[in-house]
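Written below as structure tokens is the structure these notes are about.
Hydrogens, waters and symmetry mates play no part in the numbers below; they use all other heavy atoms, side chains included. Lettering of chains follows the sequences in order, A, B, ..., and the numbering in each one begins at 1.
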There are 2 protein chains.
Amino acid sequence: MIKRGALAEATGSNIETIRYYEKIGLLHEPDRSASGHRLYSRDDQKRLGFVLRCRELGFSIAELRELLGLVDTKDYTCAEVLAVTTQHIEDIAKKIADLKRLKRTLDRMSAECSGEAVPDCPLVEALFE
Amino acid sequence: MIKRGALAEATGSNIETIRYYEKIGLLHEPDRSASGHRLYSRDDQKRLGFVLRCRELGFSIAELRELLGLVDTKDYTCAEVLAVTTQHIEDIAKKIADLKRLKRTLDRMSAECSGEAVPDCPLVEALFE
DNA sequence: CTTGCACCTGTAGTTACTACAGAGAGTATA
DNA sequence: TATACTCTCTGTAGTAACTACAGGTGCAAG
């Protein structure tokens, strides 16, 4: 059983983030010492690891809640997990496409611009339409 | 001179967003009618168009503030505008790369998963590490 | 014993909006 | 003219996902 600071250290997360995840119900309320300090078990640490890893992979808190909901039922199926993940992958693919389109537009616009120390920029004209 | 609702309509923006942009100083305070209703000129509309277009292109409010700061000086140079834009393009390129990496990881992980109606998912195992 | 850090709580700030509530203004119809 | 309905006004609160503080205990070392 370790305290909050040690858990943050061990998982490479922010100490406040842990309290936040507890508050919004992603993490269970941990045990407490006699004086009220949080004490985390190995399982608590694994669960936080899961949360952090999912966040790194871009899952939203809502998606995470869904995943944890499945995991917590203890009889989730592959199909259920894959559904959430596939949806997430599609969202990411869409974001990538959007950003690429954005970048193409910006590339095109900035190609018009000499970048020299002269006034009146065609890029600004383009933005004003 | 048109009112806020008409301006929102004309620019395809939300009526509340206009007030917000005014509040944070992206838009100048417009004229007012005798009874206090905002009245927007053609120039106001052009400026809002500029703001909306930049936002569509993914510029942050801070970047926009910088661009508008240049535009407002009236003797900005191409070089200055290009610097902001180039930085923004680089940020987008980085985001695209990050998302692609994410997607590769997720694709790899979900390839492990049969997606069938069976319990215990290798995807979940992977997320728990 | 006291110094100093870790931890506790609640709350406010961040970004870029969006959505109210309650009141006054403007317009269309009866 | 009266009424109804829509628009606009203001300030404030909510959203996502944290992060950062303030003011107050607990704990371990010197």
Side-chain angles (χ1 to χ4, degrees), chain A residues 1-27 29-40 44-45 47-48 50-68 88 91-92 95 98-99 102, chain B residues 1-27 29-41 44-45 47-68 88 91-92 95 98-99 102:
Chain A
M1 304 293 262
I2 58 177
K3 283 194 266 183
R4 192 153 54 105
L7 181 64
E9 178 92 5
T11 54
S13 61
N14 186 307
I15 190 169
E16 296 287 3
T17 305
I18 296 170
R19 192 160 61 108
Y20 172 68
Y21 285 158
E22 179 187 328
K23 187 181 158 198
I24 64 171
L26 291 188
L27 303 181
E29 294 197 6
D31 289 342
R32 299 277 184 147
S33 72
S35 59
H37 286 198
R38 289 172 180 81
L39 294 173
Y40 296 95
D44 292 331
Q45 180 166 342
R47 192 184 179 87
L48 175 58
F50 180 87
V51 170
L52 292 170
R53 185 138 174 71
C54 287
R55 293 291 303 133
E56 270 171 33
L57 291 169
F59 285 95
S60 69
I61 299 285
E63 286 170 323
L64 240 169
R65 230 184 268 280
E66 198 171 349
L67 283 173
L68 283 171
H88 181 50
D91 292 349
I92 291 177
K95 256 181 218 163
D98 287 350
L99 285 172
L102 232 65
Chain B
M1 304 293 262
I2 58 178
K3 284 195 265 182
R4 193 151 56 105
L7 182 62
E9 177 91 5
T11 56
S13 61
N14 185 308
I15 191 167
E16 296 288 3
T17 305
I18 296 171
R19 194 160 60 109
Y20 172 68
Y21 286 159
E22 178 187 327
K23 186 180 159 199
I24 64 172
L26 291 187
L27 302 181
E29 294 196 6
D31 289 342
R32 299 276 183 148
S33 71
S35 59
H37 287 195
R38 290 173 180 81
L39 294 174
Y40 296 95
S41 67
D44 291 332
Q45 180 166 342
R47 190 184 181 89
L48 176 58
F50 180 87
V51 169
L52 291 171
R53 184 135 176 71
C54 287
R55 292 291 303 133
E56 270 172 33
L57 290 169
F59 286 94
S60 69
I61 298 287
E63 287 169 323
L64 239 170
R65 228 183 270 280
E66 199 172 347
L67 284 173
L68 282 171
H88 181 50
D91 292 349
I92 291 177
K95 255 182 219 162
D98 286 352
L99 286 172
L102 232 65

Revision key, fill the gap. Each nucleotide of nucleotides 24-30 of chain D classed B (base within 4.0 Å of a protein heavy atom), S (only sugar-phosphate) or -, in 5' to 3' order, makes --SS---
Check your understanding: What string of B, S and - do you get for nucleotides 15-21 of chain D 5' to 3' if you count protein non-hydrogen atoms under 4.0 Å?
Key -> --BBBBB
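With sequence neighbours left out, the salt bridge (Lys or Arg N to Asp or Glu O under 4.0 Å) criterion links A/D98 to A/K94, A/R101. For A/I15, the side-chain contact (heavy atoms from CB on, under 4.5 Å) test picks out A/R4, A/A8, with sequence neighbours left out. When the side-chain hydrogen bond (donor to acceptor under 3.5 Å, both in side chains) test is applied to B/D91, the partners found at least two apart in sequence or on another chain are B/Q87. For A/F50, the ring-ring contact (aromatic ring centres under 6.0 Å, His included) criterion is met by B/F128, not counting sequence neighbours. With sequence neighbours excluded, no residue satisfies ring-ring contact (aromatic ring centres under 6.0 Å, His included) with A/Y40. For A/H37, the ring-ring contact (aromatic ring centres under 6.0 Å, His included) test picks out no residue, with sequence neighbours left out. Scanning for salt bridge (Lys or Arg N to Asp or Glu O under 4.0 Å) contacts around B/R55 gives an empty result, with sequence neighbours left out. Partners of B/L102 according to the side-chain contact (heavy atoms from CB on, under 4.5 Å) rule, which considers only residues two or more places apart in sequence or in another chain, are A/I92, B/L99.
Heavy atoms only, all atoms of each residue included: B/Q45 and B/A10 are closest at NE2-CB, 3.8 Å.
Looking only at side-chain heavy atoms (C-beta outward), A/L68 and A/V51 come within less than 4.5 Å of each other.
Separating the CD atom of A/E9 from the P atom of C/dC7 is a distance of 10 Å, rounded to the nearest angstrom. Rounded to whole Å, atom P of C/dA16 lies 14 Å from atom CG of B/L52. Rounded to whole Å, atom P of D/dT10 lies 13 Å from atom CD1 of B/I18. Summarising the geometry, the separation between CG on B/L27 and P on C/dA16 is reported as 15 Å, rounded to the nearest angstrom. With rounding to whole Å, B/L39 atom CG is found 13 Å from D/dC9 atom C1'. Note: CG (A/D31) to C1' (C/dC8) measures 17 Å, nearest angstrom. To the nearest angstrom, P of C/dC8 lies 11 Å from CG of A/L7.
In this model, the phosphate group of D/dT10 is approached by a side-chain N or O of B/R32 to a distance below 4.0 Å at OP1 or OP2. Contact annotation: B/R38 side-chain N/O to C/dA25 OP1/OP2 distance is not under 4.0 Å.
Heavy atoms of A/I15 sit under 4.0 angstrom from primed sugar atoms or phosphate atoms, though from no base atom.
Across its full length, the helix from C/dC1-D/dG30 to C/dA30-D/dT1 shows an angle of 20° between the axes of its 5 terminal pairs at either end, rounded to 10 degrees.
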Under 3.5 Å, sequence neighbours excluded: what are the donor-acceptor pairs made by side chains of residues 17-26 of chain B?
{"from": "B/R19", "atom 1": "NH2", "to": "B/E16", "atom 2": "OE1", "distance (Å)": "3.3"}
{"from": "B/E22", "atom 1": "OE1", "to": "B/R38", "atom 2": "NE", "distance (Å)": "2.8"}

